[in-house]
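Read the structure below first, then the notes.
Both counts, for ligands and for their atoms, begin at 1 and track the order of listing. Numbers here simply count residues along the sequence, with the first being 1.
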Amino acid sequence: MEWNESYNIGIEVIDHQHRQILDYINTLEQVKNTGKRDKIKEIQDDLIDYTQSHFSFEENLLQQVNYQYLPPHRGIHELFVKRLNDYRLRFEQGESIEKDLYRLLSKWLINHIQHDDQDYVDAVRDNMLSYLRTQEKKKGKGWFARFFS
Ligand SMILES: [Fe+2]
């Protein structure tokens, strides 16, 4: 899977994390047919851990900007993490789920980025702008005060 410009949502830190997840998915793609269970397990664990911390980061950001659809967005993340952990469990019990996991991840991630994540971009941008404006006003006040106090 190659990163496509249309996957960028325009928030750099998030785009960077999404690309990182895609790299992990690609690594899984490379090892999924090798039968090297140790290696597969290692990548699977890294991928799940990283995805979970990315979700936490994203949810934190959305909370800070008071994103009104955070609860359902969090719900989507939680459900997906549950599915990933179900796969992990099945793998640990000896099943070969790596191909299914790869398929799920590659489809799910792009779909999530292009729809669910795209929906919060405006909210984050608007909030960042008003935050920056407040900072400017504060700075402006300081500058103003220097001349008139
Ligand atoms: Fe998300």
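Ion pairing of Arg103 with Asp100 is present here, as a side-chain N (NZ or NE/NH1/NH2) and a carboxylate O approach within less than 4.0 Å.
Contact annotation: the side chain of His18 approaches that of His54 to within less than 4.5 Å [non-hydrogen atoms, C-beta and beyond]. Residues Phe55 and Arg74 form no side-chain contact, since every pair of their non-hydrogen atoms from C-beta on lies 4.5 Å or further apart.
Distances under 2.8 Å from the Fe ion (ligand 1) pick out the protein N/O/S atoms Glu58 OE1, His73 NE2, His77 NE2, His112 NE2, Asp117 OD1.
Side chain to side chain, Glu98 and Tyr87 fail the donor-acceptor criterion of an N or O pair below 3.5 Å. Residues Glu58 and His77 bring a donor and an acceptor atom of their side chains to less than 3.5 Å of each other.
For the salt bridge (Lys or Arg N to Asp or Glu O under 4.0 Å) condition, the pairs that include at least one residue of residues 41-51, sequence neighbours left out, are Lys39-Glu42, Lys41-Asp45, Lys41-Glu92, Asp45-Arg88.
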